[in-house]
Amino acid sequence: MKADSSSVLGSRSRPRQHHGGGLGTPDWPAFYSHPLSALSLLSSQENYRREESEEFGPVFIHEPGDVIFPLDSDEKKVMMHCEARGNPPPTYSWYINGTALDAEADYRYSFIDGHLIITNASEITDYGRYQCKAENSFGNVLGREALLQFA
């Protein structure tokens, strides 16, 4: 004999609740009070977009540090790191002892996204104090000096 399904489930089942309010409503109290709710995430994204649409001068994220290059190194490349944030994105230039480096005039120097790469580094010509400059239409910043030494 087949039992009536409504009577069998009747004692165990709960009435179906309708959550018409959606996310971020009191129908979902745990989610509503969570600090990373959908509404707060959307608000964060809007703030980020607004911040990224604002134009501002460069600010360093990473400035070069002192480097001691081993003379017996098989790899004859020195890399110095420089990174700045700005809107519009900054362009970079490098200086040694206050004189601008020209990557077009000297093939040994390469500028890649703010980083300086010196190929076939030489103690005689490359020893010195290096500085990175980041600039855009809203200004420029000159980084701290980083000493390149050979040992």
Side-chain angles (χ1 to χ4, degrees), residues 12-151:
R12 290 189 220 161
S13 67
R14 288 186 242 152
R16 232 180 162 172
Q17 294 180 355
H18 177 66
H19 299 289
L23 299 178
T25 66
D27 290 343
W28 293 69
F31 190 76
Y32 181 70
S33 63
H34 192 278
L36 294 178
S37 69
L39 295 176
S40 70
L41 287 174
L42 288 174
S43 175
S44 297
Q45 287 177 344
E46 288 173 15
N47 289 339
Y48 177 76
R49 271 192 231 110
R50 188 175 329 113
E51 190 177 292
E52 287 304 307
S53 67
E54 292 176 10
E55 296 180 320
F56 58 96
V59 178
F60 280 115
I61 295 170
H62 183 84
E63 292 183 63
D66 292 348
V67 175
I68 298 175
F69 187 76
L71 290 170
D72 61 352
S73 172
D74 291 336
E75 174 103 15
K76 293 293 183 190
K77 287 185 181 180
V78 174
M79 183 180 278
M80 300 186 96
H81 303 281
C82 179
E83 184 179 359
R85 187 171 166 252
N87 193 14
T91 58
Y92 301 91
S93 53
W94 282 86
Y95 296 83
I96 179 172
N97 302 321
T99 303
L101 291 175
D102 186 354
E104 291 181 20
D106 191 337
Y107 72 94
R108 297 177 322 110
Y109 299 119
S110 301
F111 305 147
I112 300 174
D113 294 331
H115 306 301
L116 168 64
I117 300 169
I118 306 170
T119 307
N120 295 324
S122 162
E123 182 176 16
I124 296 166
T125 57
D126 298 318
Y127 172 87
R129 298 190 178 280
Y130 289 78
Q131 285 182 288
C132 172
K133 180 179 177 183
E135 61 186 310
N136 68 12
S137 56
F138 287 89
N140 64 67
V141 287
L142 187 61
R144 68 174 172 253
E145 290 184 340
L147 180 61
L148 173 58
Q149 302 178 70
F150 294 78

Counting neighbours of CG on Asn97 that are heavy atoms of other residues, nucleotides or ligands and sit closer than 6.0 Å, is the number greater than 12? yes

Heavy-atom count around Leu71 CG within 6.0 Å, excluding the residue itself: above 12? yes

Scan for salt bridge (charged side-chain N to carboxylate O under 4.0 Å, His left out) pairs involving residues 127-140, sequence neighbours excluded, and state none if there are none. Arg129-Glu145

Pairs where residues 89-99 contributes a residue and the test salt bridge (charged side-chain N to carboxylate O under 4.0 Å, His left out) is met, not counting sequence neighbours: none

So the disulfide (SG to SG under 2.5 Å) pairs with at least one residue in residues 78-145 (sequence neighbours excluded) are Cys82-Cys132

Listed by chain and number, what are the side-chain hydrogen bond (donor to acceptor under 3.5 Å, both in side chains) partners of Tyr109, not counting sequence neighbours?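 Tyr109 satisfies side-chain hydrogen bond (donor to acceptor under 3.5 Å, both in side chains) with Asp126 only.
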
So, using side-chain hydrogen bond (donor to acceptor under 3.5 Å, both in side chains) as the criterion, who are the partners of Asn136 when residues are at least two apart? none

Quick one: side chain to side chain contact (heavy atoms under 4.5 Å, CB included) partners of Glu75, sequence neighbours excluded?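 Listed in chain order: Ser73, Lys77.
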
Mind checking side chain to side chain contact (heavy atoms under 4.5 Å, CB included) for Ser110 and listing every partner two or more places apart, or none if nothing turns up? Ile117

Residue pair Gln131 / Gly143: nearest heavy atoms and the distance that separates them: NE2-O, 2.8 Å

Kindly indicate whether the side chain of [X], heavy atoms from C-beta on, has any atom under 4.5 Å from the side chain of [Y].
X	Y	value
Tyr92	Leu116	no
Leu148	Ile118	yes
Thr91	Phe111	no

Report the residues that fulfil salt bridge (charged side-chain N to carboxylate O under 4.0 Å, His left out) with Glu123, sequence neighbours left out, ordered by chain and then residue number.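 Scan of Glu123 (salt bridge (charged side-chain N to carboxylate O under 4.0 Å, His left out), adjacent residues dropped) gives none.
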
Pairing residues for Asp106 by the salt bridge (charged side-chain N to carboxylate O under 4.0 Å, His left out) criterion, not counting sequence neighbours: Arg108

Pair listing, ring-ring contact (aromatic ring centres under 6.0 Å, His included) test, anchored in residues 113-151, at least two apart: Phe69-Phe150, His81-His115

Name the atoms and distances for all side-chain donor-acceptor pairs under 3.5 Å in residues 59-67, with sequence neighbours left out.
from, atom 1, to, atom 2, distance (Å)
Glu63, OE1, Arg144, N, 2.7
Asp66, OD1, Leu147, N, 2.8

Output the distance between atom CG (Asp102) and atom OG (Ser93), rounded to the nearest 0.5 Å. 11.0 Å

